[in-house]
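Model, not experiment: these values are computed from the prediction. Read the numbers this way: they start at 1 and go in the same order the structure lists the ligands and their atoms.
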Amino acid sequence: MKHLVVVGTQWGDEGKGKIVDYLAKPNKVSAVVRYQGGNNAGHTVVVGGVKYPFHLLPSGILHRQKTCVIGNGVIIDPEILSGEFKTLPKSHARLLISDKCHLIMPWHKVIDGIAGGKLGTTGRGIGPTYTDYINRRGIRLMDALDKKVFLQRVKDELAWNKKLIGIMARQSAGKAVKLNITAAKIVTDYQYYINYLVRQPRVTVGDVSRFLNQVDAKNQAILFEGAQATLLDIAHGIYPFVTSSNPSVGGLFTGSGFRPRSLRVVGVAKAYTTKVGAGPFPTELFDAISKKLRDVGHEYGTTTGRPRRCGWLDTRVINYSKMINGLDELALTKLDVLTGINPIKIAVKPEFNVNLKAIAKAKLKFIKLSGWEEDLSTIRRFKDLPTAAKNYVKMVESLTGLPVTMIGVGPSRDQLLIKK
Ligand code: IMP
């Protein structure tokens, strides 16, 4: 029996939600776990023509028989989580939330608004929340469950952060930004959303590590779901153009408190590349092909609605992700979006390095492949793909040394080709 982890190999938005939704299906998988990030993520699952854009809930949440888990490495905005919960159909998975999760507080969003602009953050308070976590000033879900403790922690942190925001705002924009909210109001609002969640019959707040170890002891499989992606990893991405958590495989250990004995690592790669926010993007395109990829692929952020930057596939980046995550296989998504582009290019050299100077100096080498004109969206078997599309997939396998086991040809749950 193997546990599974699904990680993004590029800059996020690879379509991990759809792959997690598929892999969560078998009876062997009984829990689906998110281990890092917050509502900066956006996983879209389309079922029966209905689109579910999840930001905090694990993508397995639509499978009634499973338990979805929000691990301690995830940071929570209770208003967002309860709002997302309300959009679920009646038949959804059980939800276990770690009481060690840190909370995104109002001041975190204000600070992100002041400081995150030059990096193009999502403005959801992610970086400042993780900053307080590491700085040992964070407020955890377990603190919020006790009103007295919560009120004192909020009073202390609000006073501190009002001063901090004043200084930051004066230095960055020359004008003061005020945090016009009282500690009592914050506590009332947060407890309202947290109590709503805790009262749901299929929701529990508790010890995730213990639960996952119990699942493992019963010989049932666990599926871990990375949000964002390797190139956005605070340790292994292109620093400082990164998020503030560890989306790569290492994040699952600290972000869930579980050590899988045996782990199948599935990397998800889009058949081309997209990125949101600032920072280097070596294969970025600025021409009609970029526009076509954005329009056909609906490349607009699930979280912020921002148009995504688009470019050619960069297998150097995937090979870097392969090394960091120890990938076993690839899921290649959105192959259908490449229809009508001819020729198609793939960046293959020089070896990718996350050092900013090395990226700026690198002279990229591309290979060119023939494109295809056929619509792929109704194809369900690899052997039925046009020859040029098959060759594209085979080329990705040969350039990465990884088997492509799943191929996405559209947004729906069933638009997935399984290639053994
Ligand atoms: P933050 O995570 O909001 O702090 O943003 C840091 C960087 O990560 C910015 O460039 C964001 O655009 C990017 N980012 C964060 N979450 C996602 C995601 O889910 N998909 C793609 N990019 C993301």
Side-chain angles (χ1 to χ4, degrees), residues 6-20 34-45 52-59 73-77 80 84 102 104-105 107-134 225-248 251 255 267-270 272-282 284 293-294 297-311 314 317 321 333-334 354 356 359:
V6 172
V7 292
T9 61
Q10 296 158 316
W11 277 273
D13 311 312
E14 295 94 350
K16 295 181 290 294
K18 184 186 159 98
I19 301 301
V20 169
R34 258 197 71 178
Y35 56 84
Q36 47 71 229
N39 56 309
N40 48 346
H43 300 289
T44 308
V45 181
Y52 295 94
F54 299 128
H55 299 286
L56 268 170
L57 287 169
S59 304
V74 177
I75 54 175
I76 291 177
D77 185 328
I80 302 290
E84 211 161 282
H102 281 242
I104 301 176
M105 302 302 295
W107 48 85
H108 294 134
K109 294 182 233 181
V110 175
I111 293 172
D112 201 13
I114 303 169
K118 57 181 187 298
L119 295 176
T121 67
T122 58
R124 302 297 192 260
I126 306 301
T129 307
Y130 279 113
T131 302
D132 277 353
Y133 174 175
I134 298 298
E225 169 182 0
Q228 290 89 39
T230 308
L231 271 287
L232 290 173
D233 189 291
I234 186 111
H236 302 293
I238 306 179
Y239 193 90
F241 302 101
V242 288
T243 190
S244 297
S245 62
N246 296 111
S248 60
V268 186
K270 207 178 272 191
Y272 47 99
T273 312
T274 61
K275 171 168 171 53
V276 281
F281 176 2
E284 185 167 13
L293 292 172
R294 186 173 307 116
H298 307 290
E299 297 296 354
Y300 295 88
T302 322
T303 303
T304 59
R306 289 180 289 179
R308 294 178 184 143
R309 299 159 65 187
C310 299
D314 193 338
V317 165
S321 287
T333 59
K334 293 189 137 180
V354 286
L356 284 172
I359 293 174

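The residue from D13, L231, L232 that puts a heavy atom closest to atom 13 (C) of ligand 1 is L232.
Atom 17 (C) of ligand 1 has its closest protein heavy atom at Q228 CG, 3.5 Å.
Taking each heavy atom of R309 and R294 in turn, the nearest pair found is CA-NH2, 4.3 Å. Here the closest non-hydrogen pair linking T9 and E14 is N-OE2, 3.4 Å. Taking every heavy atom of both residues into account, K270 and D13 meet most closely at CE-O, 2.8 Å.
Side-chain contact check for S59 and E225: at least one donor-acceptor pair (N or O, by modelled atom type) lies under 3.5 Å. Between the side chains of T121 and D112, at least one donor N or O lies within less than 3.5 Å of an accepting N or O. T273 and D314 form no side-chain donor-acceptor contact under 3.5 Å, judged by distance and modelled atom types alone. For the 3.5 Å distance criterion, the side chains of T304 and R306 qualify, holding a donor opposite an acceptor.
Assignment of R124 to the shell around ligand 1 is not supported, since no heavy atom sits closer than 4.0 Å. By the 4.0 Å heavy-atom criterion, T304 is excluded from the residues contacting ligand 1. For A41, the heavy-atom gap to ligand 1 drops under 4.0 angstrom. G120 counts as a contact of ligand 1, since one of its heavy atoms falls under 4.0 Å from the ligand.
Checked against a 3.5 angstrom limit, the closest N/O atoms of N40 and ligand 1 fall inside it. Backbone and side-chain nitrogen or oxygen atoms of R306 are examined, and one is located within less than 3.5 angstrom of a nitrogen or oxygen of ligand 1. Looking at K275 next to ligand 1, no N or O pair under 3.5 Å apart turns up. For ligand 1, one of its N or O atoms has an N or O atom of T243 under 3.5 Å away.
Residue contacts with ligand 1 for K16 are absent, since no atom lies close enough (heavy atoms, distance under 4.0 Å). Heavy atoms of F241 found under 4.0 angstrom from ligand 1: none, in either backbone or side chain.
The atoms of ligand 1 that sit less than 4.0 Å from any heavy atom of W11 are 21 (C), 22 (N). Each of the following atoms of ligand 1 lies closer than 4.0 Å to a heavy atom of V276: 10 (O), 12 (O), 21 (C), 22 (N). Near V242, meaning under 4.0 Å from one of its heavy atoms, ligand 1 places the atoms 6 (C), 7 (C). Every atom of ligand 1 with a heavy atom of G277 under 4.0 Å away is listed here by number and element: 10 (O), 12 (O). When each atom of ligand 1 is checked for a heavy atom of L119 under 4.0 Å away, the hits are 10 (O).
Atom OH of Y130 and atom CD1 of I234 lie 10.0 Å apart (nearest 0.5 Å).
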